[in-house]
Amino acid sequence: MAKNLTTRAEDYSKWYNELVVKADLAENSGVRGCMVIKPYGYAIWEKIQAQLDKMFKETGHENAYFPLFVPKSLFEAEEKNAEGFAKECAVVTHYRLKTDPDDSTKLVVDPDAKLEEELIVRPTSEAIIWNTYKGWIQSYRDLPILINQWANVVRWEMRTRLFLRTAEFLWQEGHTAHSTRSEAIQESELMLKVYAEFAEKFMAMPVIQGIKTESERFAGAVETYCIEALMQDGKALQAGTSHFLGQNFAKAFDVKFATKEGKKEHVWATSWGVSTRLMGALIMTHSDDNGLVLPPHLAPYQVVIVPIYKGQEQLDLISEKAFEIKSELENLGVSVKFDNRDTHKPGWKFNEYELKGVPLRIAIGPRDLANNTIELARRDTLEKSIVNLDDLAEAIPKTLKDIQENLFNRAADHRTKNTNKADTWEEFKEIINGDGGFVEAHWDGSAETEEKIKQETKATIRCIPLDAIEEAGVCVYSGNPSNKRVIFAKAY
RNA sequence: CGGGAUGUAGCUCAGCUCGGUAGAGUACUCGUCUGGGGGACGAGUGGUCGCAGGUUCAAAUCCUGUCAUCCCGACCA
């Protein structure tokens with residue numbers, strides 16, 4: 001049992017906070033609402049980045065970088081977008097400090113260094129990017145533009161939580177420009193597929209693909225596509241969004257291109273992003289009361305070797321064997337850490353690596369040396385087995401594959417068990433106020449109904465699933481006719 | 001921005017009611033024994049009690065102000 005980790009049943013939220021800190025993923029910083037991502041946590045983010053980056057490039061995108069600051073006049077150009085983010089913007093108003101005349105050890109903002117025009121620290125980059133694209137696009141020959149940016153953004157949130165909602169967060173944002181409406185829609189749908197594939201194959205996290213209702217739509221978008229995942233505590237988490245922006249930004253920034261026929265038309269746009277919030281999703285999908293559980297595809301190291309020994313002589317013998325195993329596994333593409341620190345005892349290390357979610361642990365002691373075996377422990381099931389050294393090259397990759405699949409199946413099973421249909425308002429409230437989870441219910445399509453349901457139950461429409469089945473029904477709240485079910489849940 | 005709470009050792013906190021030598025656990029350092037699930041014993045390091053005023057012979061403790069953080073709401077990837 002991990003020492004001092006609150007259990008999920010006791011207090012899920014507390015469990016999450018403790019886990020993030022104790023697994024060495026991140027911690028709160030001296031800056032309000034901003035986190036420090038620690039090396040182990042950042043290593044997971046780098047795995048996420050590397051895989052997504054590969055997938056973006058395979059679908060024809062290139063990386064670029066745009067400025068952190070957005071002049072206010074550009075920011076306000078697309079009205080809905082500006083309005084949507086206005087309440088959570090950090091604003092730079094001055095460019096210089098000076099020594100406090102009343103206290104030479106202190107600095108004050110120099111009132112003479114006020115900026116002519118305020119700079120907004122980007123909450124998202126559509127404005128600065130479309131202002132740039134304007135200069136890049138004249139003809140249909142310049143299209144499409146398929147660019148992604150890895151960056152940090154700032155949204156001044158009232159209440160923050162490590163990874164789930166921080167004032168500054170890391171993300172990627174794709175911004176594409178197209179000559180036709182249908183090509184842009186295809187692009188946003190393609191990137192939604194990329195996100196879904198990443199979530200399911202690499203994070204081992206099943207997601208529902210769908211579109212947002214008007215009230216949940218990205219400010220400035222015509223359509224927002226999303227992937228929604230269900231966390232262990234029955235709350236939903238929006239894991240990624242892909243927006244079809246129509247011609248909104250092209251019109252706001254006057255970006256036109258000449259068609260083959262020589263006519264001038266506004267450009268069609270998309271934007272899409274996922275953030276360090278995925279780290280939160282990963283944690284709340286798989287981890288348990290002993291700590292983090294990582295899918296092998298995203299683990300900074302997939303196997304840890306813990307030596308069990310008495311005295312330097314034994315350690316030397318075991319180390320020799322451990323290094324052999326390490327290089328044998330690395331040749332198979334398995335990442336391995338050999339923890340030969342003499343400063344911690346084996347039992348301590350077992351707990352430590354369980355807390356950090358390392359998928360497989362190998363323990364080798366004198367007993368094993370004598371028998372030509374190792375002890376293999378799986379993080380997902382906590383099962384231990386004795387494996388003959390000769391079988392290791394086969395057993396390890398196979399078990400890693402098993403773990404990856406098992407984690408997905410477990411999460412999918414949890415989602416299935418926590419997805420329920422509600423046909424009456426009573427049923428609906430009972431589920432939402434009970435165990436939560438996804439609720440499939442008919443909705444009359446009106447924003448008023450959506451808002452009333454939100455006010456009465458705190459549940460929101462997570463999405464209208466892309467694969468929703470056409471079926472006649474009546475709205476669970478208003479009784480008005482509806483032709484398909486949408487997904488409701490309380491959300492993070 | 002409304003409601004509640006808290007600032008004391010690296011961390012978690014006690015001490016404050018009733019003013020009088022700055023405490024515990026943990027972590028850290030050293031030593032010995034240990035080593036197949038967070039070891040034992042011994043010794044040691046570590047503090048401007050958030051900050052600024054005030055009352056007092058004397059303030060972590062009482063008073064005033066201030067700053068910060070956390071929790072619950074409204075907002076949100």
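Reminder, nothing fancy here: chain letters follow the sequence lines and each chain counts from 1.
In this structure, Asp342(A) reaches the bases: a heavy-atom distance under 4.0 Å links it to at least one base atom across the strands shown. Here Asn28(A) lies out of heavy-atom contact (under 4.0 Å) with every strand. If you check every strand for non-hydrogen atoms under 4.0 Å, Arg161(A) touches nothing. Leu237(A) comes within 4.0 angstrom of no nucleic acid atom, judged by non-hydrogen atoms across all strands.
A68(B) and G54(B) have their C1' atoms separated by 22 Å, with the value rounded to a whole Å. When the P atom is used for both G15(B) and A27(B), the distance is 23 Å, rounded to whole Å. Separating the C1' atom of C57(B) from that of A52(B) is a span of 23 Å, rounded to the nearest Å. For G4(B) and G46(B), the C1' atoms lie 34 Å apart once the distance is rounded to whole Å. Nucleotides G10(B) and G53(B) place their P atoms 24 Å apart, quoted to the nearest Å. Remark: the separation of the P atoms in U26(B) and G20(B) is 28 Å, to the nearest Å. The separation of U12(B) from C18(B), taken at their C1' atoms, amounts to 28 Å, rounded to a whole angstrom. Here, C70(B) and G31(B) have their C1' atoms 42 Å apart, quoted to the whole Å.
Taking the six-membered ring for Trp, Trp272(A) and Phe244(A) have ring centres at least 6.0 Å apart. Taking the centre of each ring, Phe253(A) and Tyr133(A) stay at or above the 6.0 Å mark.
Residue Lys345(A) places its side chain closer to U34(B) than to any other of C75(B), U34(B), G37(B). Here the nucleotide nearest the side chain of Lys458(A), chosen from G35(B), G37(B), G73(B), is G73(B). Considering only side-chain atoms of Pro366(A), the nucleotide from G36(B), A77(B), A74(B) that sits closest is G36(B). Proximity note for Leu355(A) (side chain, C-beta onward) versus G39(B), G38(B), A77(B): the nearest is G38(B). Residue Ile308(A) places its side chain closer to G35(B) than to any other of G35(B), G38(B), G37(B). The nucleotide whose nearest atom lies closest to any side-chain atom of Phe169(A) is, among G36(B), G38(B), A77(B), A77(B).
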Could you tabulate the donor-acceptor pairs under 3.5 Å formed by side-chain atoms of residues 432-440 of chain A, not counting sequence neighbours?
{"residue": "Asn433(A)", "atom": "ND2", "partner": "Lys429(A)", "partner atom": "O", "Å": "3.2"}

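Between the side chain of Gln314(A) and the base of G35(B) there is no donor-acceptor pair of N/O atoms closer than 3.5 Å.
Every residue meeting the side chain to side chain donor-acceptor pair (under 3.5 Å) condition with Trp150(A), not counting sequence neighbours, appears here in chain and number order: Asp53(A).
The side chain of Lys310(A) contributes an N or O atom lying less than 4.0 Å from OP1 or OP2 of G35(B).
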* State the dot-bracket string of RNA chain B. Criteria: Watson-Crick or G-U wobble, both atom distances under 3.5 angstrom; notation: ( ) intrastrand, [ ] crossing earlier pairs, | interstrand, . unpaired. => (((((((..((((......[..)))).((((((.....)))))).....(((((..]....))))))))))))....
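Annotation: proximity of residues 373-391 of chain A to RNA chain B (heavy atom, distance under 4.0 Å) is found for Glu375(A), Lys384(A), numbered in ascending order.
Rounded to an integer number of Å, the gap from NZ of Lys454(A) to P of G73(B) is 14 Å. Nucleotide G35(B) holds its P atom 19 Å from the CD1 atom of Ile364(A), rounded to whole Å. We find that CD of Glu18(A) is positioned 12 Å from P of U12(B), with the value rounded to whole Å.
Counting only residues at least two apart or in different chains, ring-ring contact (aromatic ring centres under 6.0 Å, His included) contacts with residues 189-232 of chain A comprise Phe85(A)-Phe218(A), Phe198(A)-Phe202(A), Phe202(A)-His297(A), Phe218(A)-His243(A). Residue pairs meeting the ring-ring contact (aromatic ring centres under 6.0 Å, His included) criterion with at least one member in residues 273-296 of chain A: none, sequence neighbours excluded.
Taking the ring centre of Phe338(A) as origin, the terminal cationic atom of Lys326(A) falls outside the region bounded by 6.0 Å and 45° from the ring axis.
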* Asked: Does the side-chain hydrogen bond (donor to acceptor under 3.5 Å, both in side chains) test come out yes or no for Glu216(A) and Thr224(A), once each step is laid out?
  -> CA-CA 8 Å; Glu216(A) 297 275 331; Thr224(A) 288; over 6 Å; no
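Leu400(A) CG to Ile396(A) CD1: the interatomic distance, rounded to the nearest 0.5 Å, is 6.5 Å.
In this structure, the side chains of Trp45(A) and Thr276(A) come closer than 4.5 Å at one or more pairs of heavy atoms.
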